[in-house]
Amino acid sequence: MKKSTLISESAKKAGLTLAQTKAALEAICEVIRTDVVVNQDKIILPGFGTFDSVVRPARTGINPATMEKIQIPETRKVKFKPSKEGWF
């Protein structure tokens, strides 16, 4: 499902405009990015899942165009783990 389809389907079910729904979805995504990655917090949505932060350690990679070795720095990313109970 594309983002536009998610927005339109959610707007229909919630009785909101497309603009309101898009703003809400973008705000939720921003909170997840900010709280989980920047603040290293955890977001738990019972019945849906958990958003958590994980660190990818620094590593050596290869530039495929030049075959030159490069250093890839340590990064932090969002990890999602679905709930065992589910909404189904």
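Sequence positions, counted from 1, serve as the residue numbers for this chain.
Phe80 and Val54 fall into different hydrophobic clusters, where Ile, Leu, Val, Met, Phe, Trp and Tyr are joined by side-chain heavy atoms under 4.5 Å apart, directly or via other members. If you chain together hydrophobic residues whose side chains sit under 4.5 Å apart, Ile70 and Met67 never meet in one group.
Judged purely by distance below 3.5 Å, without hydrogens or angles, the side chains of Arg56 and Thr75 never pair a donor atom with an acceptor atom. Side-chain atoms of Glu9 and Thr5 form no donor-acceptor pair, as typed in the model, at a separation below 3.5 Å.
Distance check: Glu74 CD to Arg59 CZ gives 10.5 Å after rounding to the nearest 0.5 Å. To the nearest 0.5 Å, atoms OG1 (Thr60) and CD1 (Ile72) are separated by 8.0 Å. Atom CD1 of residue Ile7 and atom OG1 of residue Thr21 lie 7.5 Å apart, to the nearest 0.5 angstrom. Distance check, rounded to the nearest 0.5 Å: OG1 of Thr50 to CD1 of Ile43 gives 10.0 Å. To the nearest 0.5 Å, the span separating NZ on Lys22 from CD on Glu26 amounts to 5.0 Å. Between the CD1 atom in Ile32 and the CG atom in Asp52 there is a gap of 12.0 Å [rounded to 0.5 Å].
Smallest separation of non-hydrogen atoms from Ser53 and Gln40: CB-CA, 4.5 Å. Closest approach of Ser8 to Leu18, counting heavy atoms only: CA-CD2, 3.6 Å.
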Check the pair Lys77, Val55 against side-chain contact (heavy atoms from CB on, under 4.5 Å), reporting the backbone distance first and the verdict last.
CA-CA 6 Å; Lys77 68 175 198 157; Val55 176; over 6 Å; no
Could you check Leu6 against Leu25 for side-chain contact (heavy atoms from CB on, under 4.5 Å), going step by step and ending with a plain yes or no?
CA-CA 9 Å; Leu6 176 63; Leu25 178 62; 4.0 Å; yes
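At least one side-chain heavy atom of Lys42 sits under 4.5 Å from a side-chain heavy atom of Ile44. Under the 4.5 Å side-chain criterion, counting only non-hydrogen atoms from C-beta, Phe51 is not in contact with Asp41. In this structure the side chain of Arg33 never reaches within 4.5 angstrom of the side chain of Val38, judged on heavy atoms. Side-chain contact between Thr34 and Asn39 is present, with heavy atoms from C-beta onward closer than 4.5 Å. Between Gln20 and Thr17, some side-chain heavy-atom pair lies under the 4.5 Å cut-off.
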